[in-house]
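Chain naming here is simple, since letters A, B, ... match the order of the sequence lines and numbering starts at 1 in each.
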Amino acid sequence: MSPASTRVPTETPSLASRGLAILSQPWVTAILALALVIALGLVFHGNGAFYKWGTHRDALRLISVYAILACGMTVVILAAGIDLSVGSVLGLIAVAFSILVVRWEWSAWAAIPACLLLGACCGAASGSLIAWFRIQPFIVTLAMMVFARGLAKKISNGEKIWSAQTPEIFTRIDSRLLGENISVVTLVFLACLVICWIGLTRLRWGRYVYAIGGNEEAARLSGVPVTAMKIGVYALAGLFSAVAGICHAAQEYQGDPEAGATYELTAIAIVVIGGTSLMGGRGGVGLTLLGTLIIGYVDKILSINAVPEANRLMLTGAIIVVAVLVQRRKS
Amino acid sequence: MNALRCFALAAAVVVSCVVGCEKSDSTTPSAEPASTAGEKATSGGEKESFTIGMSQCNLGEPWRVQMNADIKKAASSHPGLAVIYQDAQNDTLRQRSHIEEFVSSGVDLIIVSPKEAAPLTPPIAKAVKAGIPVIVLDRRVLGDEYTCFIGADNKAIGQAAGEWLVTQLGGKGRVVELKGLMTSTPGQDRHSGFRKGIEDSEIEVVFEADMKWLQPDARKEMESALARFDDIDAVYAHNDPGAYGGWLAAQAAGREKDILFIGIDALPQEGVQYVKQGILNATFEYPTGGATAIETALQILHKQDVPKEITLGSRLFTKENVEAGGDPIAAPASVATE
């Protein structure tokens, strides 16, 4: 419980109700949780490492791949779905992209669109099964998760794809801009975030997503093209998985068929900690940005303090619970 | 809509059939010689051809892919030898049933690289009781109900890495240790061996973190180490991808030239290549034992005596000797005679 929400009722009623109204806004509570995490960093700064910009730039670089997955996941969850396959599709695309640019020496201008298309197709395949056959998204995307991982291992023969001649596109993506102050992958994440934000808040498409998440049958009856929308939403998640896969391969300088295992769980955690409801229909991509920063900073603070792995896992669990408690909605 | 669904269903069935067929195609080359080998043996009287069952605990790690490749390569030079490969996908019970299948199908010898000791000891003992020799590769089982154990010594390799670092740094320096999964025996042994190697020197481990064998995690931890310490002399990582991840972090900070990078495993397509490119300063081979296993298997099948335990030596690869194939590091005598 936050101290604020326990203190408020003792003050004057009008102020109290206003305060509570603001505090029950998910974005306010997410900011509170983020402030809590940053405060932890300011106290446990690891020999002053937390006060250096480089630490923050690296924290943002590290979380970017997860955050790109979380952008797609936000849209899927808003439409009352779930996509467990994003981590495996990331691995598949990391391998496919590496094969295209390392082995086949394709230009990046051809390889990137091809990979984005492949990712979107994986998502659309899941979406089609969910929309046409009305199978649970959990099961369909679980199947896609296993299938895509198998395909990644198949096309790579179980080996990591890399070469001594690092393709230029890898170095380009894994570089920094604005006077070495921000990583390219972080900018890619911000671009994905803006695309999702525009789609969800400025376009009719976004209202349809919220409508389906709120009440699918009502949305269908009021003329929302639910089938097409669902396929589109999962295709978008696949597309973002492909973007993340390309970024991941570039940062690793190789295509690892095991890449992205369990990343889907981190992506879901980011979305939920931001304050988007797993039931669908409530939340937004701005909250996902806050969730990204919370998870990213927890990870970085534990890392600069060289906390042993066992304590790290326990602390991460505890911090996530506290973060969610801080932003618990008023019933 | 309904027609569309039927079409999609039909398409799914066709696709799964195609995938299924392809899968069975790819496994037949290993299974087919096995049956023909068996027939030859029964009709010929004197046994000239043998079937070996190889149970691998998982093929998710490149090192284990390399082990299977080494076995395949060694076996291919013996025409009478057919090897059936099984991958337990990191599932102990699945590996157990693979071993039991080998026993019931009557292979001549079993090579097993077990996932863990306790649950796999009984099936291996049963195979030996049934008269099938078993070679245990890399990880141990309990007791002595097996024919031969072949493995390398992680402690000795970690110690060699520590001692090499002491000579390189002149006995003094600040080191970052990027550890493998510390709940795994290789991680623990590579850690304790290294500490033993540097114990009499003034080398200080200023930062240590568990990177779980993963390159992205190693990069993350190294970024933290670089942010905390302005003066780092060397990075010791428990595997080569970890050392490479550390190097990537140092390169991004423009500090890779001031730091020595040491890894372990030295897979031909991985660590050795990193040394060739000047990324790693040294890597210590953790041999797969695949070739030794096939040699030993042939000796057993030809009724020759083999030692109960074979400890594999390691090799050190540096920029100077990598083209020549590295320098051998002898297995420590204390272990070999154990």
Side-chain angles (χ1 to χ4, degrees), chain A residues 45-59 61-63 65 125 128-129 132-134 147 149-151 153-154 157-160 162-166 174-176 180 183 227 248 251-254 256-261 299-310 312, chain B residues 1-2 4-5 7-9 12 16 19 22-23 26 59-62 64-66 68-69 87 176 179 181-183 187 206-217 219-230 241 244-245 248-249 251-254 267 269-270 273-274 276-277 279:
Chain A
H45 49 71
N47 290 8
F50 197 76
Y51 302 134
K52 293 179 189 163
W53 172 246
T55 305
H56 300 267
R57 177 196 62 209
D58 293 344
R61 176 195 69 74
L62 186 79
I63 200 69
V65 162
S128 309
L129 288 168
W132 284 340
F133 295 95
R134 302 212 185 170
F147 180 84
R149 181 68 65 199
L151 188 58
K153 290 188 185 196
K154 177 95 185 165
N157 254 334
E159 291 167 4
K160 294 176 183 173
W162 70 292
S163 100
Q165 264 83 46
T166 306
D174 187 37
S175 62
R176 298 166 186 160
E180 294 272 295
S183 304
T227 306
H248 190 84
Q251 288 186 81
E252 278 207 286
Y253 292 86
Q254 66 185 10
D256 181 355
E258 299 289 334
D299 197 32
K300 194 67 194 174
I301 291 163
L302 292 173
S303 173
I304 55 173
N305 287 291
V307 176
E309 180 65 18
R312 217 180 264 204
Chain B
M1 188 61 163
N2 227 346
L4 202 56
R5 265 191 220 178
F7 172 75
L9 189 65
S16 55
V19 171
E22 201 192 344
K23 211 173 179 184
S26 65
L59 283 176
E61 303 162 43
R64 295 191 176 275
V65 176
Q66 183 67 37
N68 274 23
D87 169 16
V176 171
K179 301 188 284 190
L181 196 63
M182 284 312 278
T183 44
V206 290
F207 189 95
E208 54 181 300
D210 196 331
M211 50 85 178
K212 293 165 262 177
W213 309 116
L214 300 171
Q215 185 188 311
D217 289 54
R219 183 171 172 177
K220 170 181 80 174
E221 302 302 341
M222 188 63 195
E223 278 171 349
S224 298
L226 290 164
R228 277 186 68 161
F229 300 102
D230 291 328
Y244 183 41
L248 285 173
Q251 189 212 25
L267 292 183
Q269 294 309 319
E270 210 172 70
Q273 296 297 327
Y274 295 156
K276 275 188 188 160
Q277 289 174 55
I279 292 171

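- Across all non-hydrogen atoms, the minimal contact from B:Arg219 to A:Gln251 is NH1-O, 2.9 Å.
- Interface summary for chain B: among A:Asp256, A:Asp299, A:Val65, the most heavy-atom pairs under 4.5 angstrom belong to A:Asp299.
- By the side-chain contact (heavy atoms from CB on, under 4.5 Å) test, B:Glu61 is found to be paired with B:Asn58, B:Arg64, B:Arg139, residues two or more places apart in sequence or in another chain being considered.
- Between B:Ala209 and A:Arg312 the shortest heavy-atom distance is CB-NH2, 4.4 Å.
- Looking at residues two or more places apart in sequence or on another chain, you find no side-chain contact (heavy atoms from CB on, under 4.5 Å) involving A:Ala310.
- Scanning all heavy atoms of the two residues, the minimum distance from B:Phe207 to A:Ala306 falls at CE1-CB, 3.7 Å.
- The CD atom of B:Glu221 sits 8.0 Å away from the CD atom of A:Glu309 when rounded to the nearest 0.5 Å.
- No part of B:Asn68 comes within reach of chain A, as not one of its non-hydrogen atoms sits under 4.5 angstrom from that chain.
- At a 4.5 Å heavy-atom cutoff, the contact between A:His248 and chain B is made by side-chain atoms alone.
- A distance of 7.5 Å separates CD in B:Gln277 from OG in A:Ser163, rounded to the nearest 0.5 Å.
- A donor-acceptor pair under 3.5 Å is formed between the side chain of A:Lys52 and the backbone N or O of B:Ala227.
- Between A:Gln254 and B:Tyr274 the shortest heavy-atom distance is OE1-OH, 3.9 Å.
- For the options B:Ala253, B:Ala252, B:Pro62, heavy-atom pairs under 4.5 Å to chain A are most numerous at B:Ala252.
- Taking each heavy atom of A:Leu62 and B:Pro216 in turn, the nearest pair found is CD1-O, 4.5 Å.
- Of the two parts of B:Lys212, only the side chain, counted from C-beta on, holds a non-hydrogen atom closer than 4.5 Å to a non-hydrogen atom of chain A.
- The CG atom of A:Asn305 lies 6.0 Å from the CZ atom of B:Arg228; values are rounded to the nearest 0.5 Å.
- The candidate with the highest count of non-hydrogen atom pairs below 4.5 Å against chain A, out of B:Gln66, B:Glu270, B:Met182, is B:Glu270.
- Interface residue A:Glu258: only side-chain heavy atoms are found under 4.5 Å from chain B.
- The CG atom of A:Asp58 sits 11.5 Å away from atom CE of B:Met222, with the distance rounded to the nearest 0.5 Å.
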